[in-house]
Amino acid sequence: MKKFIYTVLFVMLMTIFPMISKATEYRKVNLEEYNTMNLIETLESEKIEPKFKDYEEKDDQVTIYLFRGTGCAYCRAFLTFLSELEAEYYNKIKVVAFDAWYDEDSSILLGEISSFLGEEAGGVPYIIIGEDVFPGYAAEYDEAIKASIDKQYKESTKYNVFEEYNKHIDELIKEERQEKMMPVLWNGLITVICTVFIVLYVKYSNSKLLYALCGGELSETNLEATEEIVYEKTTEKQEKNNNTNKKNNKHVNKTNKKMN
């Protein structure tokens, strides 16, 4: 019985495990894995002198996610706009900047995030402030950008596009696993049924053969009797062997005594 159980489990594992362990195509975002720059570093990379003094990042500030390209004129224009913001605004913001021109990982991320937001990126700059997206920059966007900063700053729980993206990926992975499990369950069920059928068939065939060798004829009602006959025959043979061994031992002992 144990061999039967082990066989079923082994076959199921060999069938199911490769399907479950297949790597998912979905990938969550960990910003620590990317080369990013903060506001001051980004301004310095474009040789822009910030007009504000004593700037520091704080937890309650609005994060502006900026996909840019080093040397991009429109990106530089947006950064110049940020550097000239009134004090009330630069105290409200911090920047996480990606170079989508010269960093392949950042370029791929831009495509993934823009698809998620439904605002396909046609280039850089690509600006994300809370739930608002600015695919490009022009001076006429300035007031809308300020309004977006004000709106997001008032929120007690600030919208983070990467957290929402990762939640979306979690849902996709969950759906993918559910889709995988159905064929896995069916394959597992079919495997068990086939294995049980094979084992029972082999057992039946062996019983039929053994019963025939014992001189009887097999019927469906005497399979248990077959096993008993085989057991009795085996027991009788073992007893005969034991008796023979005892006689041989006695004979050897007598011979040894005579020789002594």
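Numbers here simply count residues along the sequence, with the first being 1. Heavy-atom basis, side chains included; hydrogens, waters and symmetry copies ignored.
Separation of atoms OG1 (Thr36) and CZ (Phe98) is listed at 6.0 Å; rounding is to 0.5 Å. Note that the NZ atom of Lys151 and the NZ atom of Lys158 stand 13.0 Å from one another [nearest 0.5 Å]. With values rounded to the nearest 0.5 angstrom, Glu131 atom CD is found 12.0 Å from Ile128 atom CD1. Atom CD of Glu112 sits about 10.5 Å away from atom NE2 of His168, to the nearest 0.5 Å. The structure places CG of Asn38 at 8.5 Å from CD of Glu44, a figure rounded to the nearest 0.5 Å. Taking CG of Leu82 as the reference point, atom CZ of Phe78 lies at 4.0 Å (rounded to 0.5 Å).
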Ignoring hydrogens and angles, write down the donor-acceptor pairs under 3.5 Å from the side chains of residues 140-147, residues two or more places apart or on other chains.
| residue | atom | partner | partner atom | Å |
| --- | --- | --- | --- | --- |
| Asp142 | OD1 | Tyr137 | OH | 2.6 |
| Lys146 | NZ | Glu86 | OE2 | 3.3 |

Could you list the donor-acceptor pairs under 3.5 angstrom formed between side-chain atoms of residues 101-109 and any protein atom two or more places apart in sequence or on another chain?
| residue | atom | partner | partner atom | Å |
| --- | --- | --- | --- | --- |
| Asp103 | OD1 | Asp105 | N | 3.0 |
| Asp103 | OD1 | Ser106 | N | 3.1 |
| Asp103 | OD2 | Asn35 | ND2 | 3.1 |

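Between Tyr126 and Leu117 there is a side-chain heavy-atom pair separated by less than 4.5 Å. Leu85 is listed as a side-chain neighbour of Ile93, based on a closest heavy-atom distance under 4.5 Å.
Under the 4.5 Å side-chain heavy-atom criterion for grouping Ile, Leu, Val, Met, Phe, Trp and Tyr, Met37 is not connected to Val29 through any hydrophobic cluster. Under the 4.5 Å side-chain heavy-atom criterion for grouping Ile, Leu, Val, Met, Phe, Trp and Tyr, Tyr34 is not connected to Ile127 through any hydrophobic cluster. The hydrophobic cluster containing Ile149 also contains Phe81, counting ILVMFWY residues as joined when their side-chain heavy atoms lie under 4.5 angstrom apart, directly or transitively. A continuous path of ILVMFWY side-chain contacts below 4.5 Å connects Ile64 to Leu79, so both sit in one hydrophobic cluster. There is no path of hydrophobic side-chain contacts, each under 4.5 Å, that joins Leu31 to Val62.
Annotation: cation-pi pair Lys167/Phe162 absent, no NZ/CZ under 6.0 Å from the ring centroid and within 45° of its normal.
Taking all atoms of both residues into account, the shortest heavy-atom contact from Ser114 to Gly111 is OG-O, 3.1 Å. When all heavy atoms are compared, the tightest approach of Tyr159 to Gln152 is N-NE2, 2.8 Å. The minimum heavy-atom distance linking Val124 with Gly69 is given by the pair CG2-N, 3.8 Å.
Applying the side chain to side chain contact (heavy atoms under 4.5 Å, CB included) criterion to Lys58, with sequence neighbours excluded, gives Glu56, Asp60, Gln61. For Glu41, there are no salt bridge (Lys or Arg N to Asp or Glu O under 4.0 Å) partners two or more places apart in sequence or in a different chain. Residues passing the salt bridge (Lys or Arg N to Asp or Glu O under 4.0 Å) test with Glu46 are Arg68, Arg76, sequence neighbours excluded. Checked against salt bridge (Lys or Arg N to Asp or Glu O under 4.0 Å), Lys92 has the following partners two or more places apart in sequence or in another chain: Asp150.
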Exercise. Going through the checks in order, is the side-chain hydrogen bond (donor to acceptor under 3.5 Å, both in side chains) test met by Asn160 and Tyr65?
Worked result: CA-CA 10 Å; Asn160 186 301; Tyr65 292 105; 3.1 Å; yes
For this session: For the pair Lys28 and Asp170, evaluate side chain to side chain contact (heavy atoms under 4.5 Å, CB included) and give the outcome as yes or no after the intermediate values.
Result: CA-CA 8 Å; Lys28 295 173 70 172; Asp170 283 334; 3.2 Å; yes
Problem set entry | Steps toward side chain to side chain contact (heavy atoms under 4.5 Å, CB included) verdict (Lys94, Tyr55) | CA-CA 10 Å; Lys94 55 187 172 184; Tyr55 171 81; 3.5 Å; yes
Exercise. Can you list the steps and then say if Ser115 with Glu120 is a side chain to side chain contact (heavy atoms under 4.5 Å, CB included)?
Worked result: CA-CA 6 Å; Ser115 294; Glu120 296 294 337; 3.3 Å; yes
For this session: Begin with the C-alpha distance, continue with both residues' side-chain angles, and end with the deciding distance and a verdict on side chain to side chain contact (heavy atoms under 4.5 Å, CB included) for Phe52 and Ile40.
Result: CA-CA 11 Å; Phe52 44 80; Ile40 300 300; 3.9 Å; yes
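The number of heavy-atom neighbours closer than 6.0 Å to OH of Tyr74, taken from other residues, nucleotides and ligands shown, is 12 or below.
Remark: side-chain polar atoms of Glu119 are not paired, donor with acceptor, to backbone N or O of Phe134 under 3.5 angstrom.
A side chain to side chain contact (heavy atoms under 4.5 Å, CB included) with Leu39 is found for exactly one of Val95, Leu66, Val96, namely Val95.
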